[in-house]
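Scroll down for the structure; my scribbles are underneath it.
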Amino acid sequence: MIPGEFAYHAPGTLQEAIGLLTRHGEEAKLLAGGQSLIPLMRFRLAQPAHLIDIGRIDGLASIGERDGYLAIGAMSREADLESDAVIADRYPILVDASSVIADPLVRNLATVGGNVAHADPANDHPAVMLALRAEVVAEGPRGQRTIAIDDFFLDPFTTALEQDEVLVELRIPRAGAGSGGAYLKLERKVGDYAIAGVAAHVVMNGRGGFDQVGIGLTNVGLTPIRASEAETALRDGGGDEATLKRAGELAAQAAQPSSDSRGPADYKRAVVRTLTVRALRRAIERANGKDL
Ligand code: FAD
C-alpha cells in the first residue's frame, strides 16, 4: 500500500519544528529516519496529516562526552554509533545494540532518538538506556526538560513526551573506571526483532562487588522492563557464579512475555534467564578491562 495524503514540512531549526508541532497538534508527526514511521504509514496504521522532517536541523546529530555525560543527539544514526571511536572504546554496549538492529541499510537511516521515542517494546535501545540509567532531554514550547529513563516509557508506543515536544538528546552517565556493559539478543534470523534481549551494565567497587548494576529487558513485556530485583541481588551478593545465576532467575521472573510467533512465553523467560547471566558475565569482563 502507499501512504495517505499528507503535507510535508522540512523545518531548518528546532524552534520551527516545535512551532509546527504546536500548530498542527495531534495531526502532526515528526519524521526522523522513517524506518518505523514510513512502514506504519504505508500500512495506514499511522495517517498523520502533517509530517515534520527533522533531518535538516543542525546540531541534533552530535555524539560526545561533556558535563559528566555521553550525549547522543537524537538524529544520530545507528551507523554513527558503530563508527564512533569514543563509543567503541568506552560504551561497547551501544555497539552491541546498534549492530543487531535490522541491517546496514536500515542502520544508515534509523536514528537513536527515533528508536527510543517510538517506544516499540521490540526496539533494542530502550532496554540499553534503562541499564545505563540514561536521561532523555526533551524540548518544546515551554523550554527544555530532562526525563529519567524510568519515567519515560508509559505504554507500548507511548512515552512521557508531550505531543509538542521533540526528543533532542540522550544522556548517559559518563563511563568511569570499573564500568562495563553488554547487550545480547536472541533473534529468529539476522535482522529480526528480538525474541528477547538483555542489557546489563555494572560499575565495580574494586573489591569484586558492585557500586551499580543495571539490567534492562527487550520484547518481554508491554514496555522495556527494568529487572530491579535481579539488580539488587547482584549488588548485595557480589559477582560470583551463584549470584549471577540467581540474578538470571530473578530477571526471568521480572519478564512478562506473551506467546506469539517468536515462541511461547516460558521459552522467552528461559531466554531471558540465560541471556542475563551471559550479558552480566560480559559486562563484568569489560569492566575488568577485557576488550570483548
Ligand atoms: P521514525 O520512523 O522516523 O519515527 C518513529 C517514531 O518516533 C515516530 O512516531 C516519530 O514521530 C517519533 N520520533 C522520531 N524521532 C523523534 C524525536 N527526535 N522526538 C520525538 N519523536 C520522534 N529496531 C530495533 O530496535 N531492532 C530491530 O531489530 C529492528 N529491526 C528493523 C527491521 C526493519 C526491516 C526495519 C525497517 C526497522 C527495524 N527497526 C528495528 C526499527 C528501526 O530501528 C527504526 O528506525 C527505529 O525504531 C525508529 O527510528 P527512526 O529514526 O527511523 O524513526
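Just so you know, ligand 1 is whichever comes first in the structure, and atom 1 is the first atom listed for that ligand.
Protein heavy atom in closest approach to atom 23 (N) of ligand 1: Asn123 OD1, 3.3 Å. Here the protein heavy atom with the shortest distance to atom 11 (O) of ligand 1 is Leu30 O, 2.6 Å. Atom 36 (C) of ligand 1 has as its closest protein heavy atom Gln35 O, 3.3 Å. Of all protein heavy atoms, the one lying nearest to atom 51 (O) of ligand 1 is Thr111 OG1, 2.6 Å.
For Lys185, the heavy-atom gap to ligand 1 drops under 4.0 angstrom. Residue contact annotation: Gly34 has a non-hydrogen atom under 4.0 Å from ligand 1. The shell of residues lying under 4.0 angstrom from ligand 1, judged by heavy atoms, excludes Thr218. Under the 4.0 angstrom criterion for non-hydrogen atoms, Ile54 is in contact with ligand 1.
Between Glu169 and Arg145 there is no salt bridge, since none of the side-chain N atoms of the basic residue sits less than 4.0 Å from a carboxylate O of the acidic one. Between Asp164 and Arg23 there is no salt bridge, since no side-chain N of the basic residue sits under 4.0 Å from a carboxylate O of the acidic one. Salt bridge annotation for Arg142-Glu162: absent, with no cationic side-chain nitrogen under 4.0 angstrom from a carboxylate oxygen. We find that Arg90 and Asp84 are not joined by a salt bridge, their nearest charged nitrogen and carboxylate oxygen being 4.0 Å or further apart.
Any N or O atom pair closer than 3.5 Å counts here, and Ser36 shares at least one such pair with ligand 1. At a 3.5 angstrom cut-off on N or O pairs, Ala32 counts as close to ligand 1. Annotation: Leu167 places an N or O atom under 3.5 Å from an N or O atom of ligand 1; distance criterion only. The shortest N or O to N or O distance between Gly33 and ligand 1 is under 3.5 Å. In terms of polar-atom proximity, Gly113 is not counted as a contact of ligand 1, lacking any N or O under 3.5 Å from an N or O of the ligand. Here's the thing with Glu78: none of its N/O atoms is less than 3.5 angstrom from an N/O atom of ligand 1.
Within 6.0 Å of CD1 on Ile2 lie no more than 12 heavy atoms contributed by other residues, nucleotides or ligands. By the 6.0 Å contact criterion, CZ on Arg44 is enclosed, its count of non-hydrogen atoms from other residues, nucleotides or ligands being greater than 12.
In summary, the atoms of ligand 1 found under 4.0 Å from a heavy atom of Ile101, numbered by their order in the structure, are 23 (N), 24 (C), 25 (O), 26 (N), 27 (C), 28 (O), 29 (C), 40 (C), 43 (O). Near Asp124, the atoms of ligand 1 lying under 4.0 angstrom from a non-hydrogen atom of the residue are 24 (C), 25 (O), 26 (N), 27 (C), 28 (O). In the vicinity of Leu161, heavy-atom distances shorter than 4.0 Å reach the ligand 1 atoms 20 (C).
Contacts between Asp192 and ligand 1 below 4.0 angstrom, taking non-hydrogen atoms only, involve the backbone exclusively. Proximity of Ala74 to ligand 1, defined as any heavy-atom pair under 4.0 Å, is confined to the side chain (atoms from C-beta onward).
Between His118 and Phe157, the ring center distance clears the sub-6.0 Å criterion.
For the pair Arg174 and Tyr69, the cation-pi test (distance below 6.0 Å, angle within 45°) is failed.
Applying the side-chain contact (heavy atoms from CB on, under 4.5 Å) rule to Glu249 yields the partners Arg246, Gln253, Arg273; only residues at least two apart in sequence or on another chain are considered.
Val220 and Leu184 fall within the same hydrophobic cluster, defined by Ile, Leu, Val, Met, Phe, Trp and Tyr side-chain heavy atoms under 4.5 Å apart, directly or through other members.
Annotation: side chain to side chain donor-acceptor pair (under 3.5 Å) contacts involving residues 186-199, sequence neighbours excluded, comprise Arg188-Asp192, Asp192-Arg262.
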